[in-house]
Amino acid sequence: QVQLVESGGGLVQAGGSLRLSCVASGRPFSIYTMGWFRQAPGKEREFVGAISWSGGSTKYADSVKGRFTASRDNAKNTVYLQMNSLKAEDTAVYYCAASRYGLGSVRDTDFGDWGQGTQITVSS
């Protein structure tokens, strides 16, 4: 019931940083757990990270832990993904998604609303 639009993707060299933004509309933003997923060429979609409705708790995939940081600004209806120390393996289409469940449920099927995705390409 919430519409999501990602932005901030692009081309970056390995070791560089990008910040993705996801702006929500259509429903009150603060009620949702927000997640980030990605799908690399030839691979299935995978969980990247998620942040609780209040922003007080986060969860990350092991592959990005320590490099990526999710945050949110409920006043702006926006969730962010700060990506540092990017690697070629991070190349993928990144999606934000909204869930009415908590951080204990971060499967794809737990998220009912999805953005269209934004491409991140990391070159060596």
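When reading the values below, keep in mind they use all heavy atoms of this one structure, side chains included, and skip hydrogens, waters and symmetry mates.
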Peer 1: Could I get the full list of salt bridge (charged side-chain N to carboxylate O under 4.0 Å, His left out) partners for Lys87, not counting sequence neighbours?
Peer 2: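 Counting only residues at least two positions away or on another chain, Lys87 forms no salt bridge (charged side-chain N to carboxylate O under 4.0 Å, His left out).
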Peer 1: Clusters formed by hydrophobic residues whose side-chain heavy atoms approach within less than 4.5 Å: which one holds Val5, and what are its other members?
Peer 2: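 Direct or chained contacts put Val5 with none.
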Peer 1: Hey, are the side chains of Val79 and Ser71 touching, using non-hydrogen atoms and a 4.5 Å cut-off?
Peer 2: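 Of all side-chain heavy-atom pairs linking Ser71 with Val79, none is under 4.5 Å.
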Peer 1: With sequence neighbours left out, which residue pairs that include part of residues 53-63 fulfil the salt bridge (Lys or Arg N to Asp or Glu O under 4.0 Å) condition?
Peer 2: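 The answer is Asp62-Lys65.
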Peer 1: What pairs with Thr121 under side-chain hydrogen bond (donor to acceptor under 3.5 Å, both in side chains), at least two apart in sequence or on another chain?
Peer 2: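 Listed in chain order: Gln119.
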Peer 1: Hey, could you give me the OG/NZ distance between Ser21 and Lys76, rounded to the nearest 0.5 Å?
Peer 2: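 Nearest 0.5 Å value for the OG-NZ distance: 9.5 Å.
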Peer 1: Sequence neighbours excluded, which residues qualify as salt bridge (charged side-chain N to carboxylate O under 4.0 Å, His left out) partners of Glu46?
Peer 2: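 Partners of Glu46 by the salt bridge (charged side-chain N to carboxylate O under 4.0 Å, His left out) criterion, ordered by chain and then number, come out as Arg38.
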Peer 1: Quick check on the hydrophobic clustering: are Ile51 and Ile31 connected, directly or via other members, by side-chain heavy-atom contacts under 4.5 Å?
Peer 2: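 Yes, same cluster.
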Peer 1: Applying side-chain contact (heavy atoms from CB on, under 4.5 Å), run through Ser17 and Met83 and close with a yes or a no.
Peer 2: CA-CA 5 Å; Ser17 299; Met83 305 184 293; over 6 Å; no
Peer 1: A side-chain contact here means heavy atoms from C-beta on lying under 4.5 Å apart; do Leu20 and Thr118 qualify?
Peer 2: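 Result yes, sub-4.5 Å side-chain heavy-atom pair found.
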Peer 1: Tell me, which pairs form a ring pair (Phe, Tyr, Trp, His ring centres under 6.0 Å) where one or both residues lie in residues 37-96, sequence neighbours left out?
Peer 2: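 Non-adjacent pairs meeting ring pair (Phe, Tyr, Trp, His ring centres under 6.0 Å): Phe37-Phe47, Phe37-Phe111, Phe37-Trp114.
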Peer 1: Do you reckon Val48 sits in the same ILVMFWY cluster as Val12, going by side-chain contacts under 4.5 Å, direct or chained?
Peer 2: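 Per the 4.5 Å side-chain linkage, Val48 and Val12 are co-clustered.
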Peer 1: Ile120 and Thr91: side-chain contact (heavy atoms from CB on, under 4.5 Å), yes or no, with the steps?
Peer 2: CA-CA 5 Å; Ile120 286 76; Thr91 295; 5.8 Å; no
Peer 1: In chain order, what residues pass the side-chain contact (heavy atoms from CB on, under 4.5 Å) check against Ser85, with sequence neighbours excluded?
Peer 2: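 Checked Ser85 against side-chain contact (heavy atoms from CB on, under 4.5 Å); matches are Arg67.
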Peer 1: In a table with atom names and distances, give each donor-acceptor pair under 3.5 Å that connects a side chain of residues 96-106 to protein atoms at least two apart or in another chain.
Peer 2:
residue, atom, partner, partner atom, Å
Ser99, OG, Tyr101, N, 2.9
Ser99, OG, Asp110, O, 3.0

Peer 1: Does a donor on one side chain sit under 3.5 Å from an acceptor on the other, for Asp73 and Thr78?
Peer 2: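 There is no such pair between these side chains.
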Peer 1: Report the distance from atom OG of Ser7 to atom CZ of Arg19, rounding to the nearest 0.5 Å.
Peer 2: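 Ser7 atom OG to Arg19 atom CZ measures 9.0 Å (nearest 0.5 Å).
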Peer 1: Drop me the distance from Asn74's CG to Tyr32's OH, to the nearest 0.5 angstrom.
Peer 2: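 Going from the CG atom of Asn74 to the OH atom of Tyr32 covers 12.5 Å.
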Peer 1: May I have all residue pairs that pass disulfide bond (SG atoms under 2.5 Å apart) and include part of residues 26-81, sequence neighbours excluded?
Peer 2: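 Disulfide bond (SG atoms under 2.5 Å apart) check on residues 26-81 returns no pairs.
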Peer 1: Return the minimal non-hydrogen interatomic distance between Thr33 and Ser52, and the atom names on each side.
Peer 2: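 It is OG1-CA, 4.4 Å.
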Peer 1: Between SG of Cys22 and CD of Gln116, what distance do you get to the nearest 0.5 Å?
Peer 2: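 It comes to 11.0 Å.
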Peer 1: Who passes side-chain contact (heavy atoms from CB on, under 4.5 Å) against Gln3, sequence neighbours left out?
Peer 2: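 Partners of Gln3 by the side-chain contact (heavy atoms from CB on, under 4.5 Å) criterion, ordered by chain and then number, come out as Ser25.
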Peer 1: Output, in order, the C-alpha distance, side-chain angles, deciding distance and verdict of side-chain contact (heavy atoms from CB on, under 4.5 Å) for Leu86 and Leu18.
Peer 2: CA-CA 8 Å; Leu86 284 162; Leu18 284 173; 4.2 Å; yes
Peer 1: List in chain and number order the residues that pass side-chain contact (heavy atoms from CB on, under 4.5 Å) with Ala14, two or more places apart in sequence or in another chain; answer none if no residue qualifies.
Peer 2: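 With sequence neighbours excluded, Ala14 shows a side-chain contact (heavy atoms from CB on, under 4.5 Å) to Val122, given in chain and number order.
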Peer 1: What pairs with Asp108 under side-chain hydrogen bond (donor to acceptor under 3.5 Å, both in side chains), at least two apart in sequence or on another chain?
Peer 2: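 Expected list: none.
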Peer 1: Kindly say whether Gly117 contributes a backbone atom to a donor-acceptor pair with the side chain of Glu6 at under 3.5 angstrom?
Peer 2: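 Yes; judged by distance alone, with no hydrogens or angles, the pair exists.
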